[in-house]
Each structure stands twice: as C-alpha cells, then as structure tokens.
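What follows is one structure encoded as structure tokens, with my remarks underneath.
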Amino acid sequence: MNVYESLQTVLLFVVLLAVVKPLGTFMARVFQGERTILSPVLAPAESLLYGVCGVNSEEEMDWKRYARAMVLFNLVLFATLFAMLMLQHLLPLNPQKFPAFSWQLALNTAVSFTTNTNWQAYAGEQAASYFTQMVGLTVHNFVSAATGIAVAIAVIRGFARRTTSALGNFWVDLTRATLYILVPISLIAALVLVSQGVIQNFSAYQAVSLVQPVTYDTPKRDGTGSPVKDPTGNPVTERVTAKEVTIPMGPVASQEAIKELGTNGGGFFNANSAHPFENPTPLSNMLEILLILLIPFSLTYTFGAMVGNTRQGWTLLGVMLLILLASFAVLQGVESGGNPLVTKLGVHGANMEGKDTRFGLAGSSLFTVATTGTSCGAVNTMHDSLTPIGGMIPMSLMLLGELVPGGVGSGLYTMLAFAVIAVFVSGLMIGRTPEYLGKKIEVREMWMSVVTVLAAGVMVLILSGIAMISPSAVAAMANPGAHGLSEVLYAFASMANNNGSAFAGLSANTTFYNILGALAMIVGRFAPTVAVLAMAGSLAEKKYVPPSLGTLPTDKVPFALWLTLVILIVGALTFFPALSLGPIVEHLTMTM
C-alpha cells in the first residue's frame, strides 16, 4: 500500500473503534428500556406503534414464543414481497414498465431479502421498479436487519439473566432496533451519500447518444439465459454495436444507506457498490465500509455492557478484528503481487482487473473482506477477477459463518456459539464442567451451538455436490474446471450464509439455482436463529455459578487466541477439501 492508502485504512479503523463504545452503550440502553437522547422524540412514536399493533410492551416471551414470533413475522414478510414481485407490473412507480418477476425468481428474491441475504439473480436497474425497490426491498432491508439484532439481544439476555425463562419481547426488540438504531443512522448516512453524488430521484431513465459507436463482444445466451458454449466447453460470444446508452435513475441513496448499515448488500444496480451512482468517491467508499462494520462491531460492547463485564465484549471484538485484519493482509498481499500469467506476458504490477481505480487496491480489498466478513454482500470489486488465493479469502470468510464481525446480530450470536464450543472443549481437556459467564455449559447448549455453527456449512457442501452432478447446474457455469467449481461453491456459501455477493460467471437465474438457493437461504437463516434462541432459553434458566480457581477466564488474551484457533480449526476441517478442489487447485495450475 502507498502512504495514502495506509493512512486511509488506519483512519477508518480508528474511527470505527472510537465509535464502538458509545454506540454499543447506546444500544444497550435502548434494549434495556432506559432513557436515551432520542427518547423525547421517538418514545411517543414507539408507544403509538405498540397501541396500533396491540403489543403489550411489558410482556416477555420464553424462547419458543420468541422464535415463533420471529418466524411468523418473517413468513408474512416473505408472502408480502413475493406478491409484490408477482404483481409489479400492476403497481405504481414503474416508469420503465418492468414486467412481473417469474415465480421462481420471485420466490428466490423474496426469500433472499427476508433472510437478510439479498442475493440477486437479476439486474436491479433492468428488472425492479421504483415501488419494488423502495416499498419492497428497502423496507425488508430494515426489518430483516432488525430481526437479526433482536435475536442477538435475546441471546445476550440468556447469558445475563438467571433462573428465568423470559428472553424479552420480540416485537419490542424489533421496533426499537428499527426506530432507535437503523432509521436515524440510515437517515444521516443517506444525506452524506447524496452529498458525495449518490442519486435520489424518481426520474425516468435517460437515453444518451454516444459520441461514437462502440463495438464489443458479449456472451451469447440461449432462451433460458444460460451462456452458450462451443463443443470444447468455452463460452460463445457475439459482437454488438451500441450507439446510445441508457442511464438509470432512481431513489438510490435511501437504499444504499440501509443496505450497508443493515449488512444487507442488495444493490439498486447490477454493478452494486462499484456503480458510480451507488459509490461515487473514495470518501463514499470508506463511509460504506464503516457502515458495514459499525453495528456488528458495536454489538460486542453491547454484549459486554448487558452481561455486566465489558471485557467480555472487547475479547470477542479482538477475535473478530484479528481474523478480519489477517484476511485483509493476505488479500492485499496476493493482489499486490499480480497475476503470474499476466506477468509472463511482460505486464507487471498489481492485479487491478475487476477493481475500480477510484478506490485503489486497498479500498477494494478492504471492502471485499468487510462485505464477506459480514453478511452484507455489497461489492465494489468483481470477486471473479481476484487471483485464486485472493478469491479464496472472501469465500473462506463466508464459510467460517460470517462472524468477523458477521451480520448485524447474526455475527454476534454465531461468535457466542463458537465461544460456547471453545469453553466446552477446554473443559473436556482439563476434566471439568465448562462454564461461560457463570453458566454451566452442558449437552443441550453444546448441541445448539453446533447447529448454529454448522447448519449453513452442511447446506453448502450438500448443495454444491448436487450442483456438480446436475446437468442444468453445470450448464449455467461460464467457466470449466476448478474456477467453475469455485463459482458454484462461492454461490452456495453466499446464499447459505446469508451474504448475497457472487463470484460472477454463474447464470444464477435458473430454476435449479433459484429453488435450491432459496432452500439454502432459509436453512442458513432460520436453523441457526432458532437453535441459538433455544440455547439462550436454556442458559437463562440456569443458576449463576461464581468463578473459582478452576474457571477458565474468558475475558483475557489466552481465551481470545484459543477461540480464534477453534474457529479456524472448525472451518478447516469442514471446508478444506472443497477449497482444495477449487481455488487451491486453480492457484497451483496458475503458478505451474
């Protein structure tokens, strides 16, 4: 990195870490029902919402009721968005007269935005009306993110409370997450983004004539949208001449802010955060990275504050930061080294294919690890253009369960599940009943932690295997060999871990990927959330056990290192064979 990129990166993390404590403290006060600086303005609106919806804000739920409310709420959200996509051509704010989605694509998209995945098997500016983008997708960006935060808060209560079955009220937690946290920050962020050039309007698309015609080659596709290949398996291209270009418009800034803050990631445009109308300047790029990491990191302090030991939160944050920075260093290093095959042709320098010179190599690498270390999925770089080892970094961050720092809420409760596993294993090693935060970790908590950690990964391996023996799935791959496997593995890793980014090169808008992808997203979202709520319910009913000489300190550096090791070992044992057949083989082939 040059001096400018180094200063930019350091400044970003300084600002991020400086905000963790005040925002974490604020969120703890919000979810504990304490008065905050926003209470005079928002408390009346909160009370009004409870009255209109018939919610008793004083009533608390056990884990089963909490999970049931969460699942039913998301089921209604799914049905609403699915209907909206199927009826898009009849709804207002559709100046481009976009038709309705096909039922397979509508199913996949509705599941995607309901589960906070925001996987997009369509180009936003070519398929979704302004009404769909605002009332459908943007609203889901808020409530799906709020759902993740609510579950994390319930899990924190499971650790903090004693001899009770109550974990809070889902409707109250959902309302407060949206009203006090997501909406105010998104409003400020949207205004800053507009100042940088992100558009916000309802204008019709603008057709602009080119100064001179442009001729280029584009992949040829058949009637189903799949790439056409020649007898040797290589993609067939066709030459196209363009004389004018259509510039899309729309209410972008309002969606851009919450898509990053809520670690949603669904882009208004197909190019996502690489599009100049979504991410126009280096400053907007840094702001969007900050938004992606802001809540997941701050929730660690919220955890520490609510359990009465802030050092516990700093320990989890340290583990997240360590793995994230290590991933950034590796990605930055391999991309700086360039592509050996290109170097042999006499072209030296960093691998800048698929990256925007506005952001530079560091800005692109940092965005890549931030968006895949969380469940965001927004991209300012084409991950398909990364070197094999470079591409393995974002893939691995997703396969680890997206916990460095993970999605809003989901990253924290996944990290807590890993912490339970780490404590349990360490207890077995010394022959003592493991304890975490004064709660004995027994068989039930261990099982629920394993489900939380491995549910998404198991789906990735099963569905990737099915894809490799399904002709329709293989036909959708634009690249053969190891890189084609990487594309499929990355796609299911992204969907099952509720990320939403894509390796590209894969025609995902097919019946196979739409339906199996929807299954991966549902299991990847709701199996861990229900399991971790069950674990929280069990922990909340336990008595507090005072620490003794045999208690493992979980707020010190040795435990942080042990937790990091457990995370890496679980990831390696689960996914190393698959990675060996994909990016590792491709790297060896490239360097031979």
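Since the structure is predicted, the reported quantities are computational estimates derived from the model, not experimental observations. Sequential numbering from 1 along the given sequence is applied to the chain's residues.
Side-chain atoms of Val488 and Met468, non-hydrogen and from C-beta on, do get closer than 4.5 Å to each other. At a threshold of 4.5 Å between non-hydrogen side-chain atoms, the residues Leu81 and Leu137 count as touching. Taking 4.5 Å as the limit, every side-chain heavy atom of Phe31 sits out of range of all side-chain heavy atoms of Val172. Using a 4.5 Å heavy-atom threshold, the side chains of Asn141 and Asn118 count as touching. Under the 4.5 Å side-chain criterion, counting only non-hydrogen atoms from C-beta, Trp447 is not in contact with Met535. Taking 4.5 Å as the limit, some side-chain heavy atom of Val111 sits within range of a side-chain heavy atom of Phe78. A 4.5 Å side-chain heavy-atom check between Tyr130 and Met249 finds at least one atom pair inside the cut-off. Under the 4.5 Å side-chain criterion, counting only non-hydrogen atoms from C-beta, Pro528 is not in contact with Thr414.
Nearest heavy atoms, Ala190 versus Ala253: CB-O, 3.8 Å. When all heavy atoms are compared, the tightest approach of Ala257 to Ala189 is CB-CB, 3.9 Å. Between Gly409 and Leu299 the shortest heavy-atom distance is N-CD1, 3.4 Å. Taking all atoms of both residues into account, the shortest heavy-atom contact from Glu288 to Ser273 is OE1-OG, 3.3 Å. Nearest heavy-atom pair, Leu386 versus Gly391, reported as atom, atom and distance to 0.1 Å: CB-N, 3.6 Å. What you find for Ile181 and Ile295 is that their closest heavy atoms are CG2-CD1, 3.9 Å.
One side chain, Asn264 or Asn116, offers a donor N or O that lies under 3.5 Å from an acceptor on the other. Using modelled atom types and a 3.5 Å distance limit, the side chains of Asn380 and Asp356 yield no donor-acceptor pair. Under the 3.5 Å distance criterion, with hydrogens and angles disregarded, a donor-acceptor pair is assigned to the side chains of Asn479 and Glu487. Checking Ser129 against Thr132 by side-chain atom types alone, a donor-acceptor pair falls below 3.5 Å. Residues Thr115 and Thr117 have side chains that bring a donor and an acceptor to within less than 3.5 angstrom of each other. Remark: the Tyr180 side chain and the Glu46 side chain contain an N/O donor-acceptor pair separated by less than 3.5 Å. Between Ser284 and Asn279, the side chains place a donor N or O and an acceptor N or O closer than 3.5 Å (distance only, hydrogens not considered). In this structure, a donor-acceptor pair under 3.5 Å is absent between the side chains of Gln120 and Ser112. For the 3.5 Å distance criterion, the side chains of Glu402 and Ser375 fail to qualify, holding no donor opposite an acceptor.
To the nearest 0.5 angstrom, Leu463 atom CG is 11.0 Å from Leu489 atom CG. Interatomic distance, CD1 of Ile258 versus CZ of Phe142, reported as 4.0 Å (0.5 Å rounding). Separation of atoms CG (Leu182) and CD1 (Ile149) is listed at 4.5 Å; rounding is to 0.5 Å. Separating the OG1 atom in Thr241 from the OH atom in Tyr216 is a distance of 8.5 Å, to the nearest 0.5 Å. Separating the CG atom in Leu77 from the CZ atom in Phe73 is a distance of 4.0 Å, to the nearest 0.5 Å. Between the OG atom of Ser486 and the CG atom of Leu506 there is a distance of 11.5 Å, given to the nearest 0.5 Å.
With hydrogens and angles disregarded, a donor-acceptor distance shorter than 3.5 Å links the side chain of Thr263 to the backbone of Val408. Thr371 places no side-chain N or O within donor-acceptor distance of the main-chain N or O of Phe367, the cut-off being under 3.5 Å. No donor-acceptor pair under 3.5 Å is formed between the side chain of Glu586 and the backbone N or O of Ala482. No donor-acceptor distance shorter than 3.5 angstrom exists from the side chain of Glu353 to the backbone of Met382, with no hydrogens or angles considered. Distance alone, capped at 3.5 Å, places no donor-acceptor pair between the Tyr490 side chain and the Ser501 backbone. When atom types are taken as modelled, the side chain of Asn169 and the backbone of Glu59 share a donor-acceptor pair closer than 3.5 angstrom. Under the 3.5 Å distance criterion, the side-chain polar atoms of Ser410 are left unmatched by any main-chain donor or acceptor of Gly148. When atom types are taken as modelled, the side chain of Thr374 and the backbone of Gly406 share no donor-acceptor pair closer than 3.5 angstrom. Formation of a donor-acceptor pair under 3.5 Å by the Asn497 side chain with backbone atoms of Ala493 is found in this model. A donor-acceptor pair under 3.5 Å is absent between the side-chain atoms of Thr372 and the main chain of Leu397, judged by distance alone.
Using a 4.0 Å cut-off between charged nitrogen and carboxylate oxygen, Asp62 and Lys64 do not count as a salt-bridge pair. Contact check on Lys259 versus Glu278 returns a salt bridge, with a Lys/Arg side-chain nitrogen under 4.0 Å from an Asp/Glu carboxylate oxygen.
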Query raised in the report: Stepwise, does the side-chain contact (heavy atoms from CB on, under 4.5 Å) test hold for Thr109 with Asn514?
Result: CA-CA 8 Å; Thr109 304; Asn514 279 333; over 6 Å; no
Query raised in the report: Val570 and Val453: side-chain contact (heavy atoms from CB on, under 4.5 Å), yes or no, with the steps?
Result: CA-CA 9 Å; Val570 170; Val453 168; 4.2 Å; yes
Query - Step-by-step side-chain contact (heavy atoms from CB on, under 4.5 Å) determination, Arg65 to Phe170 - result: CA-CA 9 Å; Arg65 284 188 62 199; Phe170 172 75; over 6 Å; no
Requested in this report: Apply side-chain contact (heavy atoms from CB on, under 4.5 Å) to Ile466 and Phe512, showing your working.
Outcome: CA-CA 10 Å; Ile466 294 173; Phe512 178 89; 4.1 Å; yes
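Ring centroid separation for the pair Phe113 and His140 does not come in under the 6.0 Å cut-off. Within the 6.0 Å centre-distance limit, the rings of His483 and Phe503 are counted as a close aromatic pair. In this structure, Phe101 has its ring center under 6.0 Å from that of Tyr122.
In this pair, Tyr513 and Phe492 present their aromatic rings tilted. The plane angle is within the 30 to 60° band.
More than 12 non-hydrogen atoms from other residues, nucleotides or ligands lie less than 6.0 angstrom from OH of Tyr205.
Residue Thr147 is tested with Asn74, Asp173, Thr114, Thr529 for a side-chain contact (heavy atoms from CB on, under 4.5 Å); the sole match is Asn74.
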